[in-house]
Undergrad: 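Take this structure, written in structure tokens, and hold onto it; I'll ask about it next.
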Amino acid sequence: MKKLFGSLNITWPKLIIFAVAAGIYTGVMALLPIARDTSFADISITFEVWVLFGILLIVNSKTPLDSALKCFVFFLISQPLVYLVQVPFNDRGWGLFVYYPPWFIGTLLTLPMGFVGYYMRKEKWWSLLILVPILGFVGYHYMGFFGEAISFFPNHLLSALFCAATMIIYPLFIFKDKKLRFTGLGVSIAILLVTSVLALIGGRSTYDTTILSNGGSLNATFDDSYSAYLEDESYGRLKIVYEENIEDYMLQASFTKTGKTRVVLESPAGEKQYFDIEIGRNTYHIEKAGGTETAEATQEGETE
């Protein structure tokens with residue numbers, strides 16, 4: 001671990017290879033259906049792993065300018081590659097690059113951040129002040145992942161553990177001075193405790209959405225005399241409501257975890273209609289069991 005934080009010889013060819021590998025890996029994780037809504041795809045959305053990459057470049061640089069330039073070039077190569085890898089396989093094609101501008105702004109900011117970050121190596125009291133905002137930033141990510149793990153266990157649990165581990169590692173291995181190391185460790189522990197409590201106070205999140213309409217594309221038939229439920233009730237609950245604006249009945253869902261189960265509509269006479277549903281964090285795909293009619297949606301779920 002000590003070698004990673006200060007004894008690596010990161011030459012420019014190695015840096016370019018590292019950037020290309022990171023970009024390709026991230027693009028692939030964003031593409032794989034099996035990685036969706038898991039910690040493995042988080043690298044394509046959030047910053048915690050990229051913070052680690054940036055810090056490794058900073059603490060293994062020779063000068064402040066070397067640190068700034070290496071951080072900038074690394075992100076300048078890796079971030080566009082994330083989208084480029086996905087272009088041939090995504091329906092949006094080149095339109096995916098609409099998501100790149102915020103990452104490009106972040107790439108520009110790596111120049112001053114890399115330059116200032118180098119001074120963490122000076123073992124001064126202000127070296128710790130440079131690290132503290134980074135710890136807070138990773139702690140914010142930890143709170144989000146921990147909250148998601150509570151709500152949709154075990155989704156994002158690995159990301160929460162990664163954030164917690166790196167927050168402990170950074171002060172212990174960036175600094176050699178014992179006072180800085182243990183003060184930094186204390187800051188990390190305090191941030192983790194506070195963010196854990198905030199996540200717990202926030203309670204469980206749910207994905208709330210409408211999944212069926214009476215007589216809709218899946219030919220579902222129901223009204224408020226029917227009962228609606230999921231075969232595996234651990235996935236959430238269903239409710240039939242009457243929508244005044246369309247003057248018909250809709251089936252609302254409040255999902256509490258991701259996976260596959262069945263929607264059951266049961267008439268007062270005991271007749272049942274079955275629908276297979278695959279639930280994502282903010283998406284669902286539903287189809288009539290044994291049929292070819294399908295419906296799916298991608299939308300933001302409300303939380304409660």
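Note that these values count all heavy atoms, side chains included, but never hydrogens, waters or copies made by symmetry. The structure presented is a predicted model; accordingly, all values stated were derived computationally and were not measured.
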Undergrad: Can you tell me if Asn245 has over 12 outside heavy atoms packed within less than 6.0 Å of its CG?
TA: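 Yes.
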Undergrad: Check for a donor-acceptor pair, side chain of Ser127 on one end and backbone N or O of Tyr119 on the other, with a separation under 3.5 Å.
TA: yes
Undergrad: Please determine whether side-chain hydrogen bond (donor to acceptor under 3.5 Å, both in side chains) holds for the pair Tyr229 and Glu266, giving the CA-CA distance in whole Å, both sets of side-chain angles, and the decisive distance to 0.1 Å.
TA: CA-CA 9 Å; Tyr229 53 91; Glu266 184 173 353; 3.2 Å; yes
Undergrad: Can you name the one residue among Val241, Thr210, Ile211 that meets side-chain contact (heavy atoms from CB on, under 4.5 Å) with Leu251?
TA: Ile211
Undergrad: Which residues pass the salt bridge (charged side-chain N to carboxylate O under 4.0 Å, His left out) test with Asp66, not counting sequence neighbours?
TA: Lys70
Undergrad: Report the C-alpha separation of Thr221 and Asn214 in whole Å, then their side-chain angles, then the decisive distance to 0.1 Å, and conclude whether the side-chain contact (heavy atoms from CB on, under 4.5 Å) test is met.
TA: CA-CA 5 Å; Thr221 303; Asn214 179 45; 4.2 Å; yes
Undergrad: Under the 6.0 Å and 45° cation-pi test, does Lys257 pair with Phe152?
TA: no
Undergrad: Kindly say whether Val59 contributes a backbone atom to a donor-acceptor pair with the side chain of Ser67 at under 3.5 angstrom?
TA: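 No; judged by distance alone, with no hydrogens or angles, the pair does not exist.
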Undergrad: Taking the six-membered ring for Trp, are Tyr207 and Tyr284 parallel (under 30°), tilted (30 to 60°) or perpendicular (over 60°)?
TA: tilted
Undergrad: Which of parallel (below 30°), tilted (30 to 60°) and perpendicular (above 60°) describes Tyr83 and Tyr99?
TA: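 Judged by the thresholds at 30° and 60°, the geometry between Tyr83 and Tyr99 is parallel.
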Undergrad: Rounded to the nearest 0.5 Å, what separates atom CD1 in Ile279 from atom OH in Tyr235?
TA: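 Here the interatomic distance stands at 7.0 Å.
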Undergrad: Decide side-chain contact (heavy atoms from CB on, under 4.5 Å) for Ser39 and Leu157; before the verdict, give the C-alpha distance in whole Å, the side-chain angles of both, and the deciding distance to 0.1 Å.
TA: CA-CA 7 Å; Ser39 297; Leu157 178 61; 5.5 Å; no
Undergrad: For the pair Thr183 (side chain) and Leu180 (backbone), establish whether a donor and an acceptor sit closer than 3.5 Å, ignoring hydrogens and angles.
TA: no
Undergrad: Is it the case that the side chain of Glu123 and the backbone of Asp177 share a donor-acceptor pair, with hydrogens and angles ignored and the cut-off at 3.5 Å?
TA: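 Side chain of Glu123 to backbone of Asp177: a pair is present.
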Undergrad: Determine whether a donor-acceptor pair (N or O, by modelled atom type, separation under 3.5 Å) exists between the side chain of Asp37 and the backbone of Gly280.
TA: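 It does not hold such a pair.
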Undergrad: Side-chain donor-acceptor contacts of residues 12-33 below 3.5 Å, not counting sequence neighbours, with atom names and distances?
TA:
| unit_1 | atom_1 | unit_2 | atom_2 | d |
| --- | --- | --- | --- | --- |
| Lys14 | NZ | Asn9 | O | 3.3 |
| Thr26 | OG1 | Ala22 | O | 2.7 |

Undergrad: For Phe47 and Trp103, what are the C-alpha separation, side-chain angles and deciding distance, and is it a ring pair (Phe, Tyr, Trp, His ring centres under 6.0 Å)?
TA: CA-CA 10 Å; Phe47 295 91; Trp103 285 93; 4.7 Å; yes
Undergrad: Return the orientation label for the Phe145 and His141 ring planes: parallel under 30°, perpendicular over 60°, tilted otherwise.
TA: tilted
Undergrad: Run the side-chain contact (heavy atoms from CB on, under 4.5 Å) test against Met143 and tell me which residues pass, sequence neighbours left out.
TA: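 Result, side-chain contact (heavy atoms from CB on, under 4.5 Å) vs Met143: Tyr140, Thr195, Leu198, Ala199.
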Undergrad: So if I apply the side-chain contact (heavy atoms from CB on, under 4.5 Å) rule between Leu57 and each of Leu52, Leu69, Ile10, Thr110, which one comes out positive?
TA: Ile10
Undergrad: Tell me if a side-chain donor or acceptor on Asn60 pairs with a main-chain N or O of Leu8 at a distance below 3.5 Å.
TA: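 Checked: pair present.
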Undergrad: Compute whether any side-chain donor of one residue and acceptor of the other, for Asp42 and Ser159, lie under 3.5 angstrom apart.
TA: yes
Undergrad: Any idea how Phe146 and Tyr142 line up, ring-wise: parallel (<30°), tilted (30 to 60°), or perpendicular (>60°)?
TA: parallel
Undergrad: May I ask whether Phe72 and Trp50 are part of the same hydrophobic cluster, defined by side-chain heavy atoms of I, L, V, M, F, W, Y residues being less than 4.5 angstrom apart, directly or through others?
TA: yes
